[in-house]
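Following: one structure in structure tokens, then a few remarks.
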Number of protein chains: 2
Amino acid sequence: MSNALTTEIKGDLDAIVEAFLYLYTESRRLTKEIAARHGLTGPQLTVVKMLEALGELPLSRLSEKIRAQNSTVTGIVDRMEREGLVTRVRSAADRRVVHIQLTAKGASLARGVQVEPMDIFRDALSTLSAEEARSLLRVLRKVARRVESKVEEAAEAEAKRGTES
Amino acid sequence: MSNALTTEIKGDLDAIVEAFLYLYTESRRLTKEIAARHGLTGPQLTVVKMLEALGELPLSRLSEKIRAQNSTVTGIVDRMEREGLVTRVRSAADRRVVHIQLTAKGASLARGVQVEPMDIFRDALSTLSAEEARSLLRVLRKVARRVESKVEEAAEAEAKRGTES
DNA sequence: GGCTAAAATTTTCTACACGAAACATTCACC
DNA sequence: GGTGAATGTTTCGTGTAGAAAATTTTAGCC
């Protein structure tokens, strides 16, 4: 476990983690900067663009899309509603559900912002060849599967601790 | 720009972005969960591990290390001090400087937590073959370079706008 | 049909994290 | 001794999540 080869691989892994973190934080920073240019926060821009692309959405659907909890999105929508960017509409079909929809003001703002969130990242990715993209996707999926199984292991360990007590 | 091939590549790119976000959010969530098991928050675990590895640090040094603003770290250290995990010590040499150091309680806690932040991600990466790791690193670096140049372009455009006004 | 229990959806409440800007203190330099 | 930079804190608005509460729907049962 401590010969030259494994040391080299370990260095590669650290470099991958570093590159990964760099890409993530930088993409977030850029999104935020673009949003600020239009008087929005990062998450607000994400929401505006999501609604522009998909039309009105139940709050919980929106939460899933932006990978946040309902309680988080409630706050974001509160502030956007205060600014007149979106409105809440009770669903007639299922009155538990609240649809979030863009106002005219929100929609026009959405049209005005050219760059979608993550577009810089996507744009950088588009410089990859088809082979490179495919290979990257394959490797990321492999890593994702591995993380996923880790998550399941942890959940099982958790459940086991539960039965013991 | 709308034939079958480019459409397919576009789908790959979306999938890459999605996998990327999944990996990041999941790694953060797991770190947070491990921290919670020891009565800490995610950032607090990061700080504890950092201080264990490097010894006492000025607050601004700590801020750099964990990629956060001084104002953010002030709050984190406040809460950790309240819990008796760290102490603030004014530097005798430069009285502007506040050294953050682990207490006995903080140090013993640090020893008790095996997993460092991002270890889950690193662990998942370690299932890659040497070739895969090298290829992933190469592609990520290519993307990172591309993002970097985008950032510089934006900075120049910003500067130009500045001189015009 | 009407009642009750369970499930689904959203909001409220509480605590922490985060950054920008304004501020006080201290240092370094002239 | 005055000026400007460095260091840390405070304040304010936002984002983030989890737990509990509120509201409505759904299913099962008589």
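Whole-Å rounding puts the A/L57 CG to C/dT10 P distance at 11 Å. Separating the CD1 atom of B/I66 from the C1' atom of C/dC18 is a distance of 10 Å, rounded to the nearest angstrom. Remark: P of C/dT12 and CD1 of A/I76 are 15 Å apart, rounded to the nearest angstrom. In this entry the distance linking CZ of A/R28 with P of C/dA17 reads 15 Å, nearest Å. Atoms CZ (A/R29) and C1' (C/dG19) sit 13 Å apart, rounded to a whole Å.
Rounded to 10 degrees, the angle between the two end axes of the helix from C/dG1-D/dC30 to C/dC30-D/dG1 is 0°, with five pairs used at each end.
When only modelled atom types and interatomic distance are considered, A/N70 and A/S63 share a side-chain donor-acceptor pair under 3.5 Å.
Applying the salt bridge (charged side-chain N to carboxylate O under 4.0 Å, His left out) test to A/E83 and every residue at least two apart in sequence or in another chain returns nothing. When the side chain to side chain contact (heavy atoms under 4.5 Å, CB included) test is applied to A/R96, the partners found at least two apart in sequence or on another chain are A/D94. A/R61 is linked by a salt bridge (charged side-chain N to carboxylate O under 4.0 Å, His left out) to A/E64, counting only residues two or more places apart in sequence or in another chain. Remark: B/R95 pairs with no residue by the salt bridge (charged side-chain N to carboxylate O under 4.0 Å, His left out) rule, at least two apart or across chains. Taking B/L109 as the reference, B/H38, B/L40, B/L85 meet the side chain to side chain contact (heavy atoms under 4.5 Å, CB included) condition, with sequence neighbours excluded. Shown here are the side chain to side chain contact (heavy atoms under 4.5 Å, CB included) partners of A/A19, two or more places apart in sequence or in another chain: B/L140. Take B/K142 and apply the side-chain hydrogen bond (donor to acceptor under 3.5 Å, both in side chains) test, not counting sequence neighbours, and it matches A/E132.
The footprint of chain B on DNA chain D, defined by a heavy-atom cutoff below 4.0 Å, extends from D/dA5 to D/dA17.
In terms of phosphate contacts, A/S60 brings a side-chain nitrogen or oxygen within less than 4.0 Å of OP1 or OP2 of C/dT10.
Contacts of A/R88 with the nucleic acid, taken as non-hydrogen atoms under 4.0 Å apart, involve only primed sugar atoms and P, OP1 or OP2.
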For nucleotides 20-27 of chain C, give me every protein contact, N/O to N/O, under 3.5 Å, one pair per line with atom names.
{"from": "C/dA20", "atom 1": "N6", "to": "B/S71", "atom 2": "OG", "distance (Å)": "3.1"}
{"from": "C/dT26", "atom 1": "OP1", "to": "B/R95", "atom 2": "NH2", "distance (Å)": "2.8"}
{"from": "C/dC27", "atom 1": "OP1", "to": "B/R95", "atom 2": "N", "distance (Å)": "3.0"}

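Identified under the side-chain hydrogen bond (donor to acceptor under 3.5 Å, both in side chains) test for residues 97-107 of chain A, with sequence neighbours left out: A/E56-A/Q101. For residues 66-80 of chain B, the salt bridge (charged side-chain N to carboxylate O under 4.0 Å, His left out) pairs, not counting sequence neighbours, are B/D78-B/R88.
Salt bridge present: A/K49 and A/E52 bring a charged side-chain N and a carboxylate O closer than 4.0 Å.
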